[in-house]
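Numbering of ligands and ligand atoms starts at 1, following listing order. Being a predicted model, the structure only gives us computed values, none of them experimental.
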Amino acid sequence: MKLKAASALVASALVVVANSAIAETWDMPMAYAATNYHSEHGVMFADKVKEYSDGKLEITVHAGGSLFGGADIKRAVQTGQAPIGERIMSAHANEEPLLNWDNQPFLATTYEDSAKLWDAAKDTVNETLSDMNLVALYTCPWPGQGFYFKGAVESSADVKGMKLRSYNAATATVIESLGGTPVQIEAAELTQALATGVADGFISSGSTGYDRKVWEHLSHYYKVNAWLPRNYVMVNKGVWDGLDGDIQAALQKAADETGASCTAKSEELANWYFEQLEENGMSVVDAGPEFLAELKVIGDKMQAEWLSQVGDKGQAILDAYSK
Ligand code: PCA
């Protein structure tokens, strides 16, 4: 009995040694504010990974573009400078137009439709990411996109000549189509851009306006819910393929749970953000009919252009979505 107990002890000590020998730590750059729900869920994900991998994999989150700027995170993960990272997926659409699937104005404007669209797009998106040496672990939507301005806007006539901050190709296209000039700026640099007059407004959700306290510089938010773009947590494909099955399973379980929780949180916060903007003095209203009608025309054109770029793959996503 004694001998058995002793050898069991030795065996478990060996396991501890083995575990600590192979314990791996990953740095995870994230693009958005540390207090934003996306980043908070990144931390939740890291905690879960540690738990589900029995401490074999530890992830350290670096939010707010502090390790790599938002615009550099995808390349850092692709090239293995960082094994894992987070970014808004559609920022990569200039390289791979299919990744504009979730920036088609008025295609999916509710959380329910956003989930349906992701279901329809998931397999094709994952194939595209795989070709880019990336594996998506989870995605999480931003609330619906609308417009921030310095004053009242009724139609594109009021937007002409404005410098508006864009965060990807789709927002730049909308701004240009309205007669404005797009200026690509990371969310982390948005407050400064507004303060220094580099931008007079921007397209985003209530979330980013709240994070960046834009009421200090802007007065109006127009709700449009034009689309709900997704962030995603990506892993370098080579790194992923080299992981033990149990670590992959731990990452996937953590990812599935975190993605679901993050999505629910986004929906829960969507109106709360508007209330915060209002409490801080902004006018938060639905976009007027003239502006909306113009945006719908722009959206139709963007969807047609997207389909001509991505062909059957895009059409298949739209068909599966509208089924
Ligand atoms: N916030 C991010 C992307 C979409 C959103 O709602 C941003 O403005 O950068």
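- Sorted by first then second residue, the side chain to side chain donor-acceptor pair (under 3.5 Å) pairs that include residues 287-312, not counting sequence neighbours, are Ser156-Glu294.
- For atom 3 (C) of ligand 1, the closest heavy atom belonging to the protein is Ile88 CD1, 3.6 Å.
- Taking any N or O of Ser205, backbone or side chain, at least one lies under 3.5 Å from an N or O belonging to ligand 1.
- No donor-acceptor pair closer than 3.5 Å links the side chain of Ser39 to the backbone N or O of Thr35.
- Of the residues listed (Gln184, Glu186, Gln145), the one engaging Tyr167 in a side-chain hydrogen bond (donor to acceptor under 3.5 Å, both in side chains) is Gln145, and it is the only one.
- In this structure, a donor-acceptor pair under 3.5 Å is present between the side chains of Asn231 and Glu86.
- The shortest contact between atom 5 (C) of ligand 1 and any protein heavy atom is with Ser204 OG, 3.2 Å.
- Between the choices Arg165, Glu186, Arg212, the shortest heavy-atom distance to atom 7 (C) of ligand 1 belongs to Arg165.
- For atom 1 (N) of ligand 1, the closest non-hydrogen atom on the protein side is Thr208 OG1, 2.6 Å.
- Asn168 pairs with exactly one of Asn94, Asn103, Asn100, Thr173 by the side-chain hydrogen bond (donor to acceptor under 3.5 Å, both in side chains) rule, that one being Asn103.
- Close approach of ligand 1 to Tyr32 is summarised as follows: ligand atoms under 4.0 Å from at least one heavy atom of the residue are 9 (O).
- Under a 3.5 Å cut-off, the side chain of Asp158 and the backbone N or O of Glu154 do form a donor-acceptor pair.
- Here is the list of ligand 1 atoms found below 4.0 Å of a heavy atom in Ala187: 9 (O).
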